[in-house]
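Here is how names work: the chains are called A, B, and so on, in the same order as the sequence lines, proteins then strands, and each is numbered from 1.
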Amino acid sequence: MLHLIQKSPFQSQCLNECLKIAGANDSFLLMLDGVYALQWPDFLNNKLIFNDSENTDKRLQKITVLEDDLLARGLVIPETHKDSIVAINYTQFVELTLNNSKTLSWF
Amino acid sequence: MLHLIQKSPFQSQCLNECLKIAGANDSFLLMLDGVYALQWPDFLNNKLIFNDSENTDKRLQKITVLEDDLLARGLVIPETHKDSIVAINYTQFVELTLNNSKTLSWF
Amino acid sequence: MNVSLLILSEPYSSQSSLSALKYAKAALLAGHSIPRVFFYHNGVHTGSQLQTPQQDESNIQQEWVELANEYKLDLVICIAAALKRGNLTVDEANRYDRQQYNIEAPFELSGLGQLLDAQLNSDQMITFA
Amino acid sequence: MNVSLLILSEPYSSQSSLSALKYAKAALLAGHSIPRVFFYHNGVHTGSQLQTPQQDESNIQQEWVELANEYKLDLVICIAAALKRGNLTVDEANRYDRQQYNIEAPFELSGLGQLLDAQLNSDQMITFA
Amino acid sequence: MTKNILVIQRTAPYGSSLGREGLDYVLTSAAYDQNISLLFLGDGAFQLLSNQQSKHINLKNQLSALEVLPLYDIENLYVTQEDLSERNLSQSQLGIKVIVIKRADVHNLIEQQDHVVGF
Amino acid sequence: MTKNILVIQRTAPYGSSLGREGLDYVLTSAAYDQNISLLFLGDGAFQLLSNQQSKHINLKNQLSALEVLPLYDIENLYVTQEDLSERNLSQSQLGIKVIVIKRADVHNLIEQQDHVVGF
């Protein structure tokens with residue numbers, strides 16, 4: 001399943017709550033103010049979602065961030081996570097949602 | 001100065017942020033979903049705002065909670081804090097704001 | 001003393017709007033004055049006369065109207081925030097060539113200078129969000 | 001495939017409404033269908049034809065209208081949530097004896113059954129809040 | 001065809017209307033003969049508290065509305081033990097019958113459904 | 001009479017319009033010859049980031065609007081070191097000149113003002 005993270009983790013507990021119930025194979029999209037999770041150590045260091053150190057196959061797109069929202073805010077994917085977080089556009093966002101059985105928004 | 005806490009501390013970081021910058025003599029009013037702070041250990045155990053163990057003079061009303069919001073939600077002031085948190089009505093809310101030099105809302 | 005209100009919340013999505021009304025009533029009953037109530041952000045929807053709540057729900061626009069009439073309150077909606085969100089007086093509707101409108105007196109549309117004026121000329125300004 | 005949208009956000013208070021529009025355009029361009037866009041909670045303000053944004057701002061109501069006209073989208077606003085918040089079609093205005101209205105086709109007011117129908121008959125339903 | 005739908009209630013009652021509007025969706029869906037479950041997650045747990053006296057704030061009582069659910073054969077109401085504990089709530093303080101599950105079971109609960117939506 | 005007004009910006013730009021609307025209040029107040037200070041608290045610090053390209057999301061650039069402030073003689077812009085650190089931000093990433101203070105100094109900053117309002 002896919003989790004859409006729509007609020008800043010510094011302001012809202014929603015990402016925190018999502019991580020508490022997420023499964024190891026779930027996918028995540030950071031969007032809107034949710035992209036500020038890229039600045040949040042608790043997210044970047046989360047063992048559950050960044051668990052697969054050997055799997056750097058970007059086609060899996062397990063952790064994604066909406067590129068427009070990233071650019072708008074002047075953020076970049078941290079060097080440490082260049083292999084594990086992928087920036088996607090809206091066409092890929094659509095595919096991502098349709099490739100998952102369920103999508104849940106967190107706000 | 002007076003801080004109006006208007007959101008649940010389990011959902012929003014606003015109470016947390018308020019406590020980071022509050023002064024030892026500040027007053028607090030829990031209102032709207034902010035009254036759920038009564039269920040939040042980090043608030044009840046906060047040393048800064050519940051600092052004055054000898055001062056149980058309720059007239060100071062340093063930590064207050066809006067009674068209507070408390071009753072609506074089925075909450076009560078915890079036994080441990082019956083002497084340090086006072087439930088007030090809207091008339092007292094008005095006086096509280098006017099007795100402080102500044103009021104800041106957290107949401 | 002006198003206290004002004006800044007209301008940022010959508011009237012029916014947040015309990016905040018009901019709380020603001022209660023605060024205003026309590027302040028006026030206690031003999032204080034409210035130089036201005038300023039509606040901004042989502043609060044600009046508060047003045048819509050098209051609000052049609054169910055009979056067992058509060059009519060928030062109507063409650064402000066009644067309070068304003070009784071106490072001669074100054075209810076100001078931020079014009080820039082209101083126009084984009086679809087809250088227009090008949091004057092603005094004419095100016096922008098719209099056939100319909102949804103804001104009437106005692107609510108009025110005006111600029112942010114009115115918020116500054118309220119803040120400068122009140123002992124306190126209380127924000128409801 | 002097909003995907004429906006549930007929009008909960010006020011059009012000008014949250015970037016979410018712009019994001020939903022982009023998502024809808026991308027899905028349609030990719031050949032997917034959108035059986036329904038359902039507006040609920042603060043999202044019921046999206047259909048107001050009185051929206052008058054500045055010239056350098058998006059006109060969100062207009063963008064939905066254009067998209068709906070091009071792709072025959074079904075834009076449904078929750079009637080109970082819309083009425084209390086002051087969003088009325090001419091029919092509802094007549095029913096409740098209001099002289100003004102602010103919702104026109106292709107937006108329509110209907111019940112929550114339409115949201116259930118969208119959820120049951122779409123591969124996915126995406127919430128923008 | 002009857003589907004399994006999970007509605008996740010994540011907000012406390014009253015401060016936001018979202019909890020009430022989510023419940024209105026549940027009641028509507030139930031009337032269409034769907035198999036609805038509710039999960040009260042995070043602050044949603046506060047919707048379950050007994051002794052809610054919402055007349056004091058001029059809003060409709062959320063608990064009273066939840067009490068109607070069994071009449072619609074909606075009996076799968078879930079809350080997690082962890083959300084209750086973190087909020088210093090005990091089961092005895094809840095005003096309606098709910099199934100207390102572990103947080104670790106939430107993911108499975110979601111995956112079992114045909115559809116899920118959160119308010 | 002010129003008063004000291006502190007506007008506290010607590011939200012990140014773009015997701016909510018509040019940051020933009022708070023700034024509009026600042027620009028209005030400045031035009032009336034008031035002595036305005038701005039405190040970027042919590043997520044408000046994100047408003048200061050350089051390289052914001054808000055054209056990608058069809059919204060007005062918050063940083064560009066902040067850059068106008070010196071023209072109105074608004075030069076007391078504050079951010080706390082702690083808020084920057086917690087957000088993994090360094091001063092070199094900020095797009096405008098701000099005064100970095102300690103969180104412990106925020107209370108005094110507020111108390112010094114005639115008026116304060118938060119967005």
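The greatest number of non-hydrogen atom pairs below 4.5 Å with chain F, out of D:S14, D:S16, D:S9, is found for D:S14.
Looking at residues two or more places apart in sequence or on another chain, you find a salt bridge (charged side-chain N to carboxylate O under 4.0 Å, His left out) between D:R95 and D:E92. Partners of D:D97 by salt bridge (charged side-chain N to carboxylate O under 4.0 Å, His left out), not counting sequence neighbours: none found.
The OG atom of F:S17 sits 7.5 Å away from atom CD of D:E10, with the distance rounded to the nearest 0.5 Å.
For residues 45-71 of chain F, a heavy-atom distance under 4.5 Å to chain D picks out F:H56, F:I57, F:N58, F:L59, F:K60, given by residue number.
Crowding of F:D33 atom CG: a count of heavy atoms from other residues, nucleotides or ligands under 6.0 Å not exceeding 12.
Every pair passing salt bridge (Lys or Arg N to Asp or Glu O under 4.0 Å) that includes a residue from residues 64-75 of chain D is listed here, sequence neighbours excluded: D:R36-D:D74.
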